[in-house]
J.: 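Pasting in a structure now, in structure tokens, and then I'll have a few things to ask.
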Amino acid sequence: MTDAQWMAQAIQLARKGQFSVHPNPLVGCVLVKNNRRIGAGWHQRAGQAHAEVEALRSASESVEGAIAYVTLEPCAHQGRTGPCVEALLEARVSAVVIGMTDPNPLVAGKGIHRLRQAGIEVRTPVLEAECRALNPGFLSLFERRRPYVVLKSAMSLDGRTALSNGRSQWITSDAARADVQRHRALASCVLSTARTVLMDNARLTDRTFAPERHGRALVRVIIDRQLLLTPELNLFNDQSPLWILTVSDDQPKREALEHAGARVHRLVDGQLSSVMQFLTHERLGLVWVEAGATLSGQLLQEQWVDEWVVYLATTVLGDLGMPLVRLPSALTELSQRLLFKQKSLRQVGQDLRLVLTPTRA
């Protein structure tokens, strides 16, 4: 088998940690000797052994002389676990094939340098694009100093998200809503607004995939500039972390929300850049947004959205229904329109799921 074929197996292994490794990246490792797979592992949970160590532990025979295939550059520093590079050196592997370099400044080439310094052959990159696709949020934090933002929307055939009275439960199918639950579980956090929460008295919890998260509760981040939320809402009837971002200095309201279990953070201003700065500081790299037309439009026009997941329901709500987005600045020329590329299109239940990426000007 080729390096690419073995790396493809390591990528498949890495995905097994997709619900539980945050804030760490997904990593998989395969050990090969005499063109046979003798060990394999993946990073299963933050704070636990990394993929390379798991693979070494699983080896069915001596690893000496084997080739290690790992999706992300092995670490060479001491964190909550020991340096993976040293574990590979101690095992006396003959070569290490690496999918991509780790952008974390604590690693960033140091692992590769240490291996080569010790006389180990290093081959990199291999299937780099596929390895990068494993960790969009992790990479975004280190390479762009901002989260990777995925906006979720659901609309009717005529582009409406709810009736004129705000009722929207439910315009999409059970299958589409289950798909949303999966996306929530994969994210570092779900981001919404107080008005969206109040509209449906939403919980924004991760119900379907909670067991796979191994105790890592979904963080819910609510933009509530004027502290409109109250402790009686369903939002507070869950143990998942609840963080409220505000510009209000109303101390009684803040204390009531904190007493109900929320963490309230006061932003310097109400700009989305301040929200993103906060999320970056908290290492919330993959942000799943469920919001109404106003925040959706603002995110799109200010170019914060990296992916737009749109569920298209086979129904019509009429021209009085609520719009999909409300852009903060009106467009007067077609040249100002927001452009997107289709990343994927598939049927989910009775609905269609369209994944779009923005075409930057």
Side-chain angles (χ1 to χ4, degrees), residues 1-104 106-136 138-139 142 212 214:
M1 291 176 65
T2 65
D3 283 351
Q5 289 173 314
W6 289 120
M7 187 62 70
Q9 292 191 22
I11 290 170
Q12 289 295 329
L13 287 167
R15 293 194 181 105
K16 292 187 176 185
Q18 61 187 341
F19 294 106
S20 56
V21 301
H22 173 80
N24 291 354
L26 299 174
V27 184
C29 179
V30 172
L31 299 174
V32 177
K33 192 172 183 178
N34 299 322
N35 207 34
R36 294 180 295 106
R37 176 166 149 173
I38 64 168
W42 67 94
H43 186 35
Q44 299 180 19
R45 188 174 181 180
Q48 294 184 358
H50 289 184
E52 298 91 326
V53 174
E54 290 286 354
L56 291 170
R57 289 174 178 173
S58 74
S60 59
E61 60 184 84
S62 171
V63 179
E64 184 175 355
I67 302 173
Y69 291 84
V70 59
T71 57
L72 186 67
E73 177 184 5
C75 60
H77 67 287
Q78 178 69 47
R80 284 195 283 179
T81 60
C84 295
V85 163
E86 300 304 323
L88 292 170
L89 292 178
E90 186 177 342
R92 304 183 71 178
V93 298
S94 63
V96 180
V97 181
I98 299 171
M100 62 167 291
T101 302
D102 191 333
N104 184 343
L106 293 174
V107 186
K110 297 181 180 68
I112 293 173
H113 176 74
R114 176 73 179 100
L115 289 168
R116 285 176 171 159
Q117 188 181 48
I120 302 299
E121 179 188 0
V122 176
R123 301 197 291 271
T124 187
V126 175
L127 296 187
E128 183 176 16
E130 291 83 352
C131 290
R132 289 184 62 85
L134 290 170
N135 297 297
F138 174 81
L139 298 179
F142 287 108
E212 285 87 344
H214 301 294

J.: Calculate, to the nearest 0.5 Å, the distance between atoms CG and CD belonging to Leu89 and Gln117 respectively.
T.: 9.5 Å

J.: Could you pull out the closest heavy-atom pair between Leu88 and Ala68, with the gap in Å?
T.: CD2-CB, 4.0 Å

J.: Taking the side chain as everything from C-beta on, heavy atoms only, tell me whether Cys75 gets closer than 4.5 Å to His50.
T.: yes

J.: With a 3.5 Å distance limit and no angle check, can you tell me whether His43 reaches the backbone of Ala49 through a side-chain donor-acceptor pair?
T.: yes

J.: Using the side chain to side chain contact (heavy atoms under 4.5 Å, CB included) rule, take Arg15 and Trp42 through it: C-alpha gap first, then chi angles, then the decisive distance, then the call.
T.: CA-CA 8 Å; Arg15 293 194 181 105; Trp42 67 94; over 6 Å; no

J.: Please report the interatomic distance CD(Gln18) to CG(Asn135), rounded to the nearest 0.5 Å.
T.: 11.0 Å

J.: Just by distance, do the side chain of Glu73 and the backbone of Gly109 share a donor-acceptor pair under 3.5 Å?
T.: yes

J.: Output, in order, the C-alpha distance, side-chain angles, deciding distance and verdict of side chain to side chain contact (heavy atoms under 4.5 Å, CB included) for Ile67 and Val97.
T.: CA-CA 7 Å; Ile67 302 173; Val97 181; 3.8 Å; yes

J.: Looking at Leu26, Val30, Thr71, Val27, which hits side chain to side chain contact (heavy atoms under 4.5 Å, CB included) with Leu13?
T.: Val30

J.: Run the side chain to side chain contact (heavy atoms under 4.5 Å, CB included) check on Lys16 and Gln44 step by step: do they pass?
T.: CA-CA 7 Å; Lys16 292 187 176 185; Gln44 299 180 19; over 6 Å; no

J.: Less than 4.5 Å apart, side chain to side chain, heavy atoms only: is that true for Arg37 and Met1?
T.: no

J.: If I compare all heavy atoms of Leu56 with all of Ala87, which pair ends up nearest, and what's the gap?
T.: CD1-O, 3.7 Å

J.: Give me the atom names and distance for the closest heavy-atom approach of Gly99 to Met7.
T.: N-CE, 3.5 Å

J.: Distance-only, no hydrogens or angles: does the Arg116 side chain make a donor-acceptor pair with backbone N or O of Val122 under 3.5 Å?
T.: yes

J.: Closest approach of Val21 and Ala46, non-hydrogen atoms and distance?
T.: O-CB, 3.5 Å

J.: Just by modelled atom types, is the Pro125 backbone N or O under 3.5 Å from a matching donor or acceptor in the Glu128 side chain?
T.: no

J.: After noting the C-alpha distance and the side-chain angles of His113 and Lys110, does the key distance pass the side chain to side chain contact (heavy atoms under 4.5 Å, CB included) rule?
T.: CA-CA 5 Å; His113 176 74; Lys110 297 181 180 68; 5.6 Å; no

J.: Does Ser58 use its side chain to pair, donor to acceptor, with the backbone of Gly39 at less than 3.5 Å?
T.: no

J.: Checking the side chain of Asn34 only, and the main-chain atoms of Arg36 only, is there a donor and an acceptor separated by less than 3.5 Å?
T.: no

J.: From Arg114 CZ over to Cys84 SG, what is the distance, rounded to the nearest 0.5 angstrom?
T.: 13.5 Å

J.: Take atom CD of Glu90 as the centre, draw a 6.0 Å sphere, and report whether it contains more than 12 heavy atoms from other residues, nucleotides or ligands.
T.: no

J.: Which pair of heavy atoms, one from Leu139 and one from Pro103, lies closest together, and at what distance?
T.: CD2-CG, 3.6 Å

J.: What is the distance from atom CD1 of Ile112 to atom CG of Asp102, rounded to the nearest 0.5 Å?
T.: 9.5 Å

J.: Quick one: CG on Leu127 to CD1 on Ile98, what's the gap to the nearest 0.5 Å?
T.: 13.5 Å

J.: Taking everything shown except Arg123 itself, do over 12 heavy atoms lie less than 6.0 Å from its CZ?
T.: yes

J.: Could you give the distance from CD (Gln48) to CG (Asn24), rounded to the nearest 0.5 Å?
T.: 10.5 Å

J.: Ignoring hydrogens and geometry, is there a side-chain-to-backbone donor-acceptor pair from Lys33 to Glu64 under 3.5 Å?
T.: yes

